[in-house]
Amino acid sequence: MDTDTAGQNKHSIANYSALKTAIANGEEPLVQELVANRTMEPLERSYLIELAQLGTNQTIIKLLEDIPVK
């Protein structure tokens with residue numbers, strides 16, 4: 001594996017973990033920052049929307065629903 005690719009994957013995994021935590025904690029500004037200019041796979045986005053629905057924060061749910069899918 002190329003080092004650049006490995007670094008990108010670690011960065012992506014760290015961002016995804018941070019996003020899940022921010023959603024669970026209801027941190028709207030951080031969620032908005034982490035999803036800015038990002039696309040997701042449909043399954044990944046659906047999972048995050050379901051996670052957000054557990055907390056019932058409509059702003060976070062809307063932010064996630066607005067993420068373009070790949």
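Here the closest non-hydrogen pair linking Ala52 and Ile61 is CB-CG1, 3.7 Å. The shortest non-hydrogen separation linking Leu30 to Ala22 is CD2-CB, 3.7 Å.
The same ILVMFWY cluster, assembled from side-chain heavy atoms under 4.5 Å apart, contains both Leu54 and Ile67.
Counting heavy atoms from C-beta on, the side chains of Tyr16 and Leu34 never come closer than 4.5 Å. Using a 4.5 Å heavy-atom cutoff, the side chains of Leu19 and Met40 are in contact. Side-chain contact between Leu64 and Ile23 is present, with heavy atoms from C-beta onward closer than 4.5 Å. Val69 places none of its side-chain heavy atoms less than 4.5 Å from the side chain of Glu41.
Side-chain N or O atoms of Asn57 include one that pairs as donor or acceptor with a backbone N or O of Thr59 at under 3.5 Å.
Glu50 and Arg45 are not joined by a salt bridge, as no carboxylate oxygen comes within less than 4.0 angstrom of a charged side-chain nitrogen.
Between the NZ atom of Lys62 and the CD1 atom of Ile49 there is a distance of 10.5 Å, given to the nearest 0.5 Å. Between atom CD of residue Gln32 and atom CG of residue Asp66 there is a gap of 10.5 Å, rounded to the nearest 0.5 Å.
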### Query
Yes or no on salt bridge (charged side-chain N to carboxylate O under 4.0 Å, His left out) for Arg38 and Glu44, after CA distance, side-chain angles and deciding distance?
CA-CA 12 Å; Arg38 182 174 179 171; Glu44 178 183 34; 3.6 Å; yes

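More than 12 heavy atoms of other residues, nucleotides or ligands sit less than 6.0 Å from atom CD of Glu28.
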